[in-house]
Amino acid sequence: MVLEDHIRKKRRLIPPVRAAMGDNYSPFSWSLQVVPELFWITLLINELGPVRGVEVARQFGDAAAQVSKKDPKPFFATVTSFSELSEDEQQDLLGVIDDEALTQFQTVLGRLSVIWPENPLSFTQLQSDDAPEAVIDYLSPRLEEMYNRLSREATLAISTAVYLGLDQDKVKVVKKVFDNHSTAFTDIEDYPATEASRKAGSFFRAMAPMLLLQKEDATDLPDWVDSFWNGLSAIGGCSGGYQGIPELPDVTEGIEGFIAAFTHFVHDDFRARENAWELDLGKPQERQVILALLARQATHAIEIVSNPGIWNPNTAPIMLRAMADVHITLVWLLQNPKERVPLYVQDGLGAIKLEIAHRKEEVKKRGGEAPEGHDQIIEHFENWLESQQLEFLTEVNLGSWSGKNTRVMAQEAGCLDFYNYVFQPFSSAVHSYWSHVGRLNVEMCQNPTHNYHFLPVISSFESDTHWCRLAGKYFANSLSFFDEFIGKPELPVRSYCVIHDALEVPDTENGDQDSRSS
């Protein structure tokens with residue numbers, strides 16, 4: 001059995017570490033939450049070298065702890081922690097810290113003032129004459145390294161934070177654990193070249209959640225993490241090969257012109273929604289999940305319309321059922337994205353973790369010999385999972401990701417008609433129920449003496465634009481719900497206009513499954 005060490009709670013498999021944490025655990029993101037807090041340490045180490053960079057960070061943290069009058073004193077390792085110093089304490093810090101260390105601190109971190117004029121370290125008189133473009137060119141590669149928690153930069157940053165915690169008497173390590181990792185601070189200098197250094201890195205990274213993500217009692221502290229991402233959000237736009245919109249064809253008539261025009265305007269409709277929803281780099285999950293579902297709906301619509309050979313009652317319902325599934329999921333998420341989107345994501349991460357475990361188990365059964373390409377698949381899945389959540393903190397859900405069946409989700413989302421007239425009827429095609437097979441893959445024997453029994457038939461169909469119209473209609477429905485969610489109901493749906501104008505036969509309810517959705 002795979003994942004035997006996990007603790008089963010009903011339909012959930014809880015990792016041992018998660019189970020040990022109990023109610024103290026809350027999901028965290030290395031890149032979103034830890035990187036903004038430790039980036040200052042990375043810059044110091046990068047510019048001054050590991051030895052001097054760590055020493056300057058230590059002196060700065062110790063000086064803050066020395067002048068702080070709070071009881072208990074904050075743990076001065078994160079950028080946010082320096083917000084807890086009063087103005088008098090900030091001036092006291094500047095008076096007690098070594099002049100050389102302060103000068104090096106100001107020189108290295110001065111660039112931060114260009115992107116974040118007001119930040120928790122501004123009291124050190126950070127300033128730079130560099131242009132914003134030059135600062136971005138400087139920061140970008142270092143941020144890229146920090147986002148990868150396994151990188152040398154990220155690992156040295158977290159190990160330095162642990163070191164500061166010990167130095168400030170904020171970190172307590174059980175003797176047995178300390179004995180097992182007594183050489184960690186010297187081993188980490190060689191990371192990731194040696195096995196000992198990699199073990200040390202794992203030790204330090206495991207301490208990140210409890211060390212850096214403690215909630216402070218003070219509720220009036222400025223939210224540095226939000227400020228960090230807001231500063232980066234304002235710099236340029238997103239980039240990537242995904243952005244291109246297919247050009248309108250020279251040929252505007254015939255099936256080729258129709259398909260090309262529809263494809264163009266689906267992309268156009270989607271990009272209009274993407275641009276209308278403001279990007280928040282500090283809280284990207286809701287936006288990226290919902291837009292990804294909308295993009296999947298767009299992909300389905302394009303694939304159906306682009307393949308007239310599937311415009312028939314046998315194949316089209318399979319794809320249209322997938323569109324119905326996306327629509328119900330999308331609308332249900334839109335009603336409460338803050339709580340529901342994480343459920344959707346966590347289920348997907350758990351599903352990949354379970355698949356990895358099954359694939360590794362299969363390799364064991366083969367005596368350690370993996371089929372060709374198998375290791376690459378596992379590595380791809382592991383990298384995808386680890387880019388979003390630590391594997392040892394990821395639980396597996398063997399039940400419904402939402403805790404509800406699709407009908408209940410549709411009812412709560414206000415689209416029960418869509419479920420009744422689209423999702424449920426088209427499910428018979430997906431699962432090959434008799435209600436589908438018994439109508440489309442049989443014909444009646446014409447010999448009266450045989451009592452008109454059914455004969456199996458490999459059916460062939462002529463293309464029917466009715467099914468093409470439904471694909472455009474369902475995509476338009478999803479766009480409509482999304483537009484209401486972002487408060488832009490006036491956004492046009494130009495892709496469905498292509499279908500409406502091109503197909504002269506009105507959309508009728510002709511006896512086959514149809515959409516009478518809202």
Side-chain angles (χ1 to χ4, degrees), residues 1-19 27-31 144-155 190-206 208 240-242 285 288-289 292-293 295-296 299-300 303 307 315 318-319 321-322 325-326 329 342-402 430-432:
M1 177 181 174
V2 299
L3 304 179
E4 290 181 335
D5 60 334
H6 285 46
I7 296 159
R8 183 155 186 163
K9 292 185 178 180
K10 296 183 179 180
R11 301 286 288 171
R12 295 161 56 212
L13 300 179
I14 313 297
V17 175
R18 283 278 302 272
F28 84 100
S29 166
W30 173 274
S31 61
E144 186 174 2
E145 291 296 330
M146 274 294 287
Y147 293 152
N148 176 12
R149 66 182 184 83
L150 301 179
S151 70
R152 177 173 171 82
E153 287 76 2
T155 304
D190 298 323
Y191 185 87
T194 65
E195 179 63 32
S197 69
R198 292 191 291 273
K199 180 180 178 182
S202 297
F203 168 66
F204 291 127
R205 283 191 295 270
Y242 80 100
Q285 190 178 73
Q288 64 194 23
V289 166
L293 280 168
R296 179 167 175 78
T299 303
H300 284 326
E303 289 178 343
N307 292 276
T315 308
I318 298 174
M319 291 290 291
R321 158 60 158 74
D325 208 340
V326 172
T329 298
L343 293 176
Y344 177 80
V345 171
Q346 290 300 314
D347 179 75
L349 299 178
I352 290 294
K353 175 177 177 175
L354 184 60
E355 181 171 351
I356 292 170
H358 280 303
R359 287 182 176 274
K360 288 184 175 181
E361 183 67 20
E362 179 63 22
V363 173
K364 286 183 181 179
K365 291 179 180 178
R366 291 171 171 259
E369 294 186 6
E372 184 178 354
H374 198 77
D375 290 340
Q376 289 81 355
I377 294 174
I378 291 177
E379 182 181 4
H380 169 74
F381 284 157
E382 287 179 333
N383 290 339
W384 184 83
L385 172 58
E386 289 279 339
S387 71
Q388 299 172 74
Q389 188 174 82
L390 301 179
E391 184 276 336
F392 69 86
L393 293 176
T394 302
E395 71 173 49
V396 175
N397 184 5
L398 302 177
S400 167
W401 67 268
S402 65
V430 172
H431 300 297
S432 297

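We use all heavy atoms of the structure for the numbers below, so side chains are in, but hydrogens, waters and symmetry mates are not. Nothing here was measured: the structure is a model prediction, and the numbers come from that model.
A distance-only check finds a donor-acceptor pair linking the side chain of Q388 to the backbone of W384 [under 3.5 Å]. With hydrogens and angles disregarded, a donor-acceptor distance shorter than 3.5 Å links the side chain of N397 to the backbone of S400. Between the side chain of K353 and the backbone N or O of E395, no donor-acceptor pair lies under 3.5 Å. Side chain of R149 to main chain of S151: no donor-acceptor pair is present (N/O by atom type, distance under 3.5 Å, no hydrogens or angles). Within the 3.5 Å criterion, the main-chain N or O of E391 finds a donor-acceptor partner in the side chain of E386. Without hydrogens or angle criteria, R198 side chain to P192 main chain gives a donor-acceptor distance under 3.5 Å. In terms of modelled atom types and a separation under 3.5 Å, the side chain of D347 and the main chain of L343 share no donor-acceptor contact. A donor-acceptor contact shorter than 3.5 Å is absent between the side chain of W30 and the backbone of R205.
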Run the side-chain contact (heavy atoms from CB on, under 4.5 Å) check on L13 and R8 step by step: do they pass? CA-CA 5 Å; L13 300 179; R8 183 155 186 163; 4.0 Å; yes
Output, in order, the C-alpha distance, side-chain angles, deciding distance and verdict of side-chain contact (heavy atoms from CB on, under 4.5 Å) for W401 and T329. CA-CA 11 Å; W401 67 268; T329 298; 3.8 Å; yes
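Separation of atoms CG (N383) and CG (N148) is listed at 9.0 Å; rounding is to 0.5 Å. Between atom CZ of residue R152 and atom CG of residue D190 there is a gap of 8.0 Å, rounded to the nearest 0.5 Å. In this structure, CG on L3 lies 10.0 Å from CD1 on I356, to the nearest 0.5 angstrom. E145 contributes atom CD, which lies 11.5 Å from atom CG of L150 (distance to the nearest 0.5 angstrom).
Considering all non-hydrogen atoms of both residues, Y191 and G201 come closest at CE1-CA, 4.3 Å. Taking every heavy atom of both residues into account, P16 and D5 meet most closely at CG-O, 3.4 Å.
Checked for salt-bridge contact, K365 and E361 miss the test: no charged N lies under 4.0 Å from a carboxylate O. A salt bridge does not link E195 to K199: none of the charged nitrogens lies less than 4.0 Å from a carboxylate oxygen. Using a cut-off of 4.0 Å between Lys/Arg side-chain N and Asp/Glu carboxylate O, K360 and E382 are scored as salt-bridged.
Contact check for V326 versus H300: side-chain heavy atoms found under the 4.5 Å cut-off. Proximity of L354 to L398: side-chain heavy atoms (C-beta onward) are separated by under 4.5 Å at one or more points. Residues I7 and R12 form no side-chain contact, since every pair of their non-hydrogen atoms from C-beta on lies 4.5 Å or further apart. E153 has its side chain out of reach of E144: every pair of non-hydrogen atoms, C-beta onward, lies at least 4.5 Å apart. Using a 4.5 Å heavy-atom cutoff, the side chains of L385 and F381 are not in contact. Residues S31 and Y147 form a side-chain contact, since some pair of their non-hydrogen atoms from C-beta on lies under 4.5 Å apart.
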